Amino acid sequence: KIDVLKIDIDSFDCSILREVLTWVDTSVIVLETNPLVPPPIKFARQYHPDDDLRHGHYGCSLAYQQKLLSPRYQLLVHSEDDVVFVHSRLTEFLEATQLRMPASVIPWTTHPLR
């Protein structure tokens with residue numbers, strides 16, 4: 001078990017995240033998000049051994065991250081390039097401290113994710 005997991009490798013971040021979460025229990029996840037792919041579009045660059053990472057979009061979209069992590073993790077904060085998700089077991093504590101989930105930094109983060 002670890003407290004905070006951060007993944008920011010400018011490539012197949014969500015593929016790595018999915019694999020790591022099969023082995024690790026973490027309380028907080030910090031990810032880079034691709035700001036060029038707004039909700040509700042779900043996008044994730046997948047690993048391929050022939051991908052030289054020089055072309056195309058990188059990482060994954062907020063909507064894809066939400067689909068991958070929900071309901072186990074809840075979105076806490078979203079900035080233009082990064083997101084913070086917290087494990088659902090922490091939401092009651094955070095709500096008791098008057099912190100609303102998600103604490104949006106950019107208005108379109110409140111767009112319903114499908």
Side-chain angles (χ1 to χ4, degrees):
K1 181 176 175 171
I2 60 174
D3 292 328
V4 178
L5 171 67
K6 179 175 173 63
I7 299 176
D8 182 353
I9 58 172
D10 295 331
S11 59
F12 33 87
D13 301 42
C14 282
S15 295
I16 300 243
L17 174 64
R18 182 177 25 260
E19 184 63 24
V20 167
L21 290 179
T22 63
W23 299 98
V24 174
D25 181 31
T26 184
S27 298
V28 178
I29 300 172
V30 181
L31 298 169
E32 179 179 36
T33 189
N34 189 324
L36 301 176
V37 187
I41 300 169
K42 295 174 186 77
F43 165 80
R45 186 171 197 143
Q46 302 298 321
Y47 173 76
H48 190 279
D50 296 331
D51 186 354
D52 62 11
L53 303 174
R54 288 188 276 174
H55 306 287
H57 286 293
Y58 62 88
C60 44
S61 67
L62 175 61
Y64 189 93
Q65 293 166 340
Q66 185 80 21
K67 180 183 176 203
L68 176 65
L69 295 171
S70 191
R72 189 171 168 201
Y73 292 89
Q74 300 296 316
L75 178 64
L76 177 64
V77 175
H78 178 259
S79 68
E80 185 174 345
D81 297 317
D82 295 296
V83 292
V84 177
F85 287 89
V86 295
H87 198 284
S88 296
R89 68 178 171 259
L90 299 175
T91 57
E92 187 175 315
F93 169 76
L94 293 171
E95 288 169 352
T97 63
Q98 305 291 326
L99 186 59
R100 297 191 185 267
M101 310 261 306
S104 300
V105 175
I106 295 178
W108 60 257
T109 61
T110 58
H111 188 286
L113 302 174
R114 297 176 192 159

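In this chain, numbering begins with 1 at the start of the sequence shown. Since this is a predicted model, take the numbers as computed values, not measurements.
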Q) Between S27 and L90, is there a donor-acceptor pair closer than 3.5 Å when you use the side chain of the first and the backbone of the second? A) no

Q. Is I41 close to S61 at the side-chain level, that is, under 4.5 Å between some pair of heavy atoms?
A. no

Q. If you take all heavy atoms of A63 and P39, which pair is closest and at what distance?
A. CB-CA, 4.4 Å

**Q.** Validation row: F93, V86 side chains within 4.5 angstrom (heavy atoms)
**A.** no

Q.
If I take atom NE2 from residue H87 and atom CG from residue L76, how far apart are they, to the nearest 0.5 angstrom?
A. 14.5 Å

Q.
Between F85 and R72, is there a side-chain heavy-atom distance shorter than 4.5 Å?
A. no

(Q) How long is the straight-line distance from CD1 of I9 back to CG of L31, given to the nearest 0.5 Å? (A) 10.5 Å

Q. What residues, two or more places apart in sequence or in another chain, satisfy side chain to side chain contact (heavy atoms under 4.5 Å, CB included) together with V30?
A. V4, K6, V28, V84

Q.
Counting only heavy atoms not in D25 (residues, nucleotides, ligands), do more than 12 fall under 6.0 Å from its CG?
A. yes

Q) At what distance, to the nearest 0.5 angstrom, does CD1 of I7 lie from CD1 of I29? A) 7.5 Å

(Q) Counting C-beta onward and ignoring hydrogens, is there a side-chain heavy-atom pair between T26 and V20 closer than 4.5 Å? (A) no

Q. Closest approach of T33 and L62, non-hydrogen atoms and distance?
A. OG1-N, 3.2 Å

Q | Heavy-atom side-chain contact between L17 and L68 under 4.5 Å | A | yes

Q: Please round to the nearest 0.5 Å and tell me the distance separating atom CZ of R18 and atom SG of C14.
A: 7.5 Å

Q | Side chain Q65, main chain E32, donor-acceptor under 3.5 Å | A | yes

